[in-house]
Amino acid sequence: MYPCFTLHCVVLFCVITLFPLSCKVRLASLEVLCAMAHKLGEDFLPLLPETVPFLAELLEDEEEAVESACQKAVQNLEEVLGEPLKKYF
């Protein structure tokens with residue numbers, strides 16, 4: 001198991017737990033998620049099952065900045081992974 005897998009779970013847990021508290025937390029979590037994906041490359045694929053529900057939620061966020069950042073994050077993930085993520089939603 002990757003050390004990033006644990007970090008990935010911690011990031012998602014914190015965001016889900018702190019979700020209603022801060023737009024900044026949600027935006028920062030997207031940045032961390034993209035950084036992890038860039039670092040892992042295609043090895044990020046096993047983390048998608050846990051990531052997709054998180055992204056789906058943020059794509060419908062009440063804050064426009066979060067929704068827009070999530071759309072960009074999805075595009076970044078698609079570039080890193082080399083495949084469209086729409087099939088996972």
Side-chain angles (χ1 to χ4, degrees):
M1 190 93 23
Y2 300 108
C4 285
F5 180 77
T6 304
L7 176 60
H8 176 265
C9 291
V10 169
V11 169
L12 294 182
F13 175 77
C14 287
V15 172
I16 290 168
T17 309
L18 302 172
F19 212 85
L21 298 179
S22 174
C23 174
K24 290 180 182 180
V25 170
R26 297 190 305 273
L27 289 170
S29 68
L30 287 169
E31 289 179 28
V32 170
L33 190 68
C34 287
M36 289 173 52
H38 281 281
K39 180 73 174 171
L40 292 174
E42 289 184 4
D43 290 335
F44 189 82
L45 278 171
L47 302 175
L48 276 180
E50 291 86 14
T51 306
V52 169
F54 165 75
L55 292 172
E57 185 96 19
L58 293 182
L59 284 170
E60 297 177 2
D61 198 272
E62 60 191 37
E63 294 287 336
E64 188 176 325
V66 174
E67 191 175 321
S68 176
C70 189
Q71 290 170 354
K72 290 178 185 174
V74 169
Q75 290 173 345
N76 285 336
L77 289 171
E78 289 175 337
E79 289 174 14
V80 168
L81 300 173
E83 64 177 87
L85 297 184
K86 293 193 190 309
K87 65 182 176 184
Y88 295 101
F89 289 92

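Residues: numbered from 1 along the sequence shown.
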Asks: Does the side chain of Phe54 reach to within under 4.5 Å of the side chain of Leu30, using non-hydrogen atoms?
Replies: yes

Asks: Shortest non-hydrogen contact from Thr51 to Phe44?
Replies: OG1-CZ, 3.8 Å

Asks: Just to verify, what does Glu83 make a salt bridge (Lys or Arg N to Asp or Glu O under 4.0 Å) with, not counting sequence neighbours?
Replies: Lys87

Asks: Can Leu81 and Leu48 be said to form a side-chain contact (heavy atoms from CB on, under 4.5 Å), step by step?
Replies: CA-CA 10 Å; Leu81 300 173; Leu48 276 180; 3.9 Å; yes

Asks: Quick one: CZ on Arg26 to CD on Glu62, what's the gap to the nearest 0.5 Å?
Replies: 6.0 Å

Asks: Carefully, step by step, assess Cys70 and Asp61 under the rule side-chain contact (heavy atoms from CB on, under 4.5 Å).
Replies: CA-CA 9 Å; Cys70 189; Asp61 198 272; over 6 Å; no

Asks: Nearest heavy-atom pair of Leu27 and Ala65: which atoms, and what distance?
Replies: CD2-O, 3.7 Å

Asks: Hey, are the side chains of Leu55 and Phe89 touching, using non-hydrogen atoms and a 4.5 Å cut-off?
Replies: yes

Asks: Please list all pairs passing the side-chain hydrogen bond (donor to acceptor under 3.5 Å, both in side chains) test where one or both residues lie in residues 66-81, with sequence neighbours left out.
Replies: none

